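All values reported here derive from a predicted model rather than from experimental measurement.
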Amino acid sequence: MSTNCNTAEQHPTLHQIPGQYEIVEHGFIGGALLPKEMLEKLRNFEVFEDDCFVATYPKTGANLTKETVFLINQNGSDEVARRKTIQDRCPFIDHRGFSLVEKLPRPRVLHSHMPFDMFLIQAIERNAKIIYVLRNPKDTLVSFYHFYKSCSVFGNFPGSWDDFFQLFLHKKLFCGDFYDHVLSWWNQRHRDNILFLKYEDMVTDPKSNILKICAFLGKTLSDDKIDNIIKQTSFESMRDNPMTDYSQLKEQDNKICPFMRKGKIGDWKNFFTDEQCKIIDKIHENRLAETGLSFQFE
């Protein structure tokens with residue numbers, strides 16, 4: 001069943017998401033989630049100094065981070081979070097969430113999938129707070145594969161895992177290549193307004209990461225409030241909470257796969273073949289050489 005993955009040329013016809021377009025100079029691939037007309041609006045987007053942006057490659061822990069930041073900004077209270085969906089409270093500005101932004105009370109928590117080279121100019125110029133979340137590429141790709149299949153924005157991807165892996169090798173996934181995206185941000189790590197977090201750390205040591213975010217945002221919370229945030233942002237709590245499980249996302253077919261699927265570290269072992277592991281391990285080694293960036297895979 002597994003296809004030979006030694007070379008990307010073996011699949012001349014690749015799946016295209018509806019409305020797909022490519023920005024060649026950045027290798028960025030957009031579609032309905034980031035239509036071209038949104039790019040100009042985002043370039044002129046008004047940013048406030050107390051805004052906090054959560055920037056991510058898809059399926060790397062954005063929702064966990066957004067919910068955590070929101071609750072910290074609420075001083076640990078989940079009163080608002082129990083009444084409004086995460087989409088409304090922490091909108092994805094690259095897509096329909098843009099229309100919600102002006103109505104949001106400050107400080108705002110906003111989400112984007114744009115690489116650094118395409119990010120909001122005002123956010124950079126005004127030194128707004130930006131949290132970039134990283135996740136190991138193998139689990140990211142497995143999670144992204146299931147999202148591709150269950151979401152109509154990606155044409156409910158009809159292919160196999162092997163076919164999806166070919167999209168990765170061709171750099172033809174939505175938002176472009178994982179490593180291009182991650183390194184565009186990691187190369188800006190000298191900026192004091194950007195905090196880098198790793199999904200694996202957030203899952204295995206939530207308290208330490210909540211404290212990192214608090215320090216970054218200039219917030220101080222009691223241990224009781226931090227414990228409440230840990231409880232509210234556990235995978236199980238968010239998966240079973242209609243305000244955070246994205247069950248109201250019309251493009252998502254939870255019968256195919258729920259938006260929040262497993263949230264586990266190491267699930268990639270159930271999908272990657274030995275050959276695919278060798279390929280991505282080599283890419284990983286080459287792309288991250290001398291960058292000081294590493295990932296936890298299990």
Side-chain angles (χ1 to χ4, degrees), residues 26-28 47 49-73 90 92-94 107-141 143-144 175-219 221 226 229-230 233 235 263 265-266 283-298:
H26 300 304
F28 184 86
V47 174
E49 291 182 359
D50 59 354
D51 284 338
C52 181
F53 293 88
V54 175
T56 66
Y57 189 78
K59 307 308 290 183
T60 56
N63 293 302
L64 168 59
T65 311
K66 288 191 294 183
E67 189 71 356
T68 301
V69 173
F70 183 84
L71 292 173
I72 289 172
N73 277 344
C90 312
F92 178 49
I93 59 172
D94 305 0
R108 304 181 300 186
V109 182
L110 309 171
H111 177 217
S112 174
H113 282 322
M114 287 186 288
F116 179 83
D117 297 327
M118 293 174 59
F119 203 66
L120 286 70
I121 295 173
Q122 284 195 30
I124 306 303
E125 291 178 344
R126 297 186 177 181
N127 223 36
K129 299 291 187 182
I130 303 170
I131 299 175
Y132 188 80
V133 191
L134 308 108
R135 185 183 190 184
N136 83 67
K138 292 180 182 179
D139 280 331
T140 296
L141 288 176
S143 182
F144 207 2
C175 289
D177 179 65
F178 170 87
Y179 291 98
D180 289 346
H181 198 287
V182 165
L183 290 175
S184 77
W185 283 97
W186 184 246
N187 290 337
Q188 304 299 318
R189 60 191 180 278
H190 59 280
R191 297 176 182 270
D192 59 10
N193 67 314
I194 303 178
L195 174 66
F196 290 88
L197 296 177
K198 294 181 179 179
Y199 174 79
E200 293 80 11
D201 293 339
M202 297 180 73
V203 170
T204 57
D205 190 4
K207 184 170 185 176
S208 293
N209 282 272
I210 290 171
L211 289 172
K212 284 182 185 178
I213 298 172
C214 285
F216 183 63
L217 299 178
K219 294 280 189 178
L221 298 180
I226 290 175
I229 293 175
I230 292 172
T233 57
F235 181 83
I265 304 169
I283 295 171
H284 192 80
E285 179 183 353
N286 290 339
R287 295 300 305 275
L288 299 188
E290 300 181 3
T291 65
L293 181 60
S294 62
F295 290 92
Q296 177 183 341
F297 287 90
E298 54 186 296

Open item on the list: What's the separation between atom CG in Leu120 and atom CD in Glu125, rounded to the nearest 0.5 Å?
Closed with: 10.5 Å

Task: Heavy-atom side-chain proximity of Tyr179 to Leu288 below 4.5 angstrom - done: yes

Task: Rounded distance [0.5 Å steps], CZ in Phe196 versus CG in Leu134 - done: 7.0 Å

- [ ] Please examine the side chains of Lys198 and Leu293, heavy atoms only from C-beta on, and report whether any two atoms are closer than 4.5 Å.
- [x] yes

Task: Side chains of Lys129 and Leu195 in contact at under 4.5 Å (non-hydrogen atoms) - done: no

Open item on the list: Tell me whether Arg135 contacts the main-chain N or O of Lys59 through its side chain, where contact means a donor paired with an acceptor under 3.5 Å.
Closed with: yes

Task: Nearest heavy atoms of Cys175 and His181, plus distance in Å - done: O-CD2, 4.1 Å

Open item on the list: Looking at Thr140, is its backbone amide N or carbonyl O close enough to the side chain of Ser143 to form a donor-acceptor pair, meaning the two atoms are under 3.5 Å apart?
Closed with: no

Open item on the list: I'd like to know whether the aromatic ring centres of Phe92 and His113 sit less than 6.0 Å apart in this structure.
Closed with: yes

Open item on the list: To the nearest 0.5 Å, what is the distance between NZ on Lys219 and CG on Leu71?
Closed with: 12.0 Å

Open item on the list: Just so I know, are the side chains of Phe28 and Asp117 near enough to count as touching, which here means a heavy-atom distance under 4.5 Å?
Closed with: no

Open item on the list: Please report the interatomic distance CD1(Ile210) to OG1(Thr233), rounded to the nearest 0.5 Å.
Closed with: 5.0 Å

Task: From Phe116 atom CZ to Arg191 atom CZ, the distance as rounded to the nearest 0.5 Å - done: 4.0 Å

Task: Atom of Phe216, atom of Ile131 and distance for their closest heavy-atom approach - done: CE2-CG1, 3.8 Å

Task: N/O donor-acceptor pair under 3.5 Å between Lys66 side chain and Val109 backbone - done: no

Task: pair Thr291-Asn187: side-chain heavy atoms closer than 4.5 Å - done: no

- [ ] Measure from the ring center of Phe144 to the ring center of Phe178 and say whether it is less than 6.0 Å.
- [x] no

Task: Whether Thr60 side chain and Tyr57 backbone form a donor-acceptor pair below 3.5 Å - done: yes

Open item on the list: How close do Val47 and Arg108 get, counting heavy atoms only, and between which atoms?
Closed with: CA-NH2, 4.2 Å

TODO: Establish, yes or no, whether a centroid distance under 6.0 Å links the rings of Phe119 and Trp185.
DONE: yes

- [ ] May I ask you to test the Ile213-Leu197 pair for a side-chain heavy-atom distance under 4.5 Å?
- [x] yes

Open item on the list: For a quick test of reading the model, state the closest non-hydrogen atom pair linking Ile93 to Ser112 and the distance between them.
Closed with: CG1-CB, 4.2 Å

Task: Least distance between heavy atoms, Gly266 atom then Asp139 atom - done: N-OD2, 2.8 Å

Open item on the list: Test side-chain contact (heavy atoms from CB on, under 4.5 Å) on Cys52 and Leu217; report intermediate values, then the result.
Closed with: CA-CA 8 Å; Cys52 181; Leu217 299 178; 4.0 Å; yes

TODO: Take Asp201 and Gln296 through the test side-chain contact (heavy atoms from CB on, under 4.5 Å) and record every step on the way to the result.
DONE: CA-CA 9 Å; Asp201 293 339; Gln296 177 183 341; 4.3 Å; yes

Open item on the list: Walk me through whether Phe235 and Val203 qualify under side-chain contact (heavy atoms from CB on, under 4.5 Å).
Closed with: CA-CA 8 Å; Phe235 181 83; Val203 170; over 6 Å; no

- [ ] Return yes if some donor-acceptor pair links the side-chain N/O of Tyr199 with the main-chain N/O of Gly263 below 3.5 Å, else return no.
- [x] yes

TODO: Walk me through it: do Ile229 and Leu221 pass the test side-chain contact (heavy atoms from CB on, under 4.5 Å)?
DONE: CA-CA 10 Å; Ile229 293 175; Leu221 298 180; 3.7 Å; yes

Task: Closest non-hydrogen atom pair between Ser184 and Gln188, with its separation - done: O-CG, 3.5 Å

Open item on the list: What I'd like to find out is whether the side chain of Ile130 reaches to under 4.5 Å of the side chain of Ile124, using heavy atoms alone.
Closed with: yes

Open item on the list: Could you measure the distance from the CZ atom of Arg189 to the CD1 atom of Ile194? Nearest 0.5 Å is fine.
Closed with: 11.0 Å

Task: pair Ile265-Thr204: side-chain heavy atoms closer than 4.5 Å - done: yes

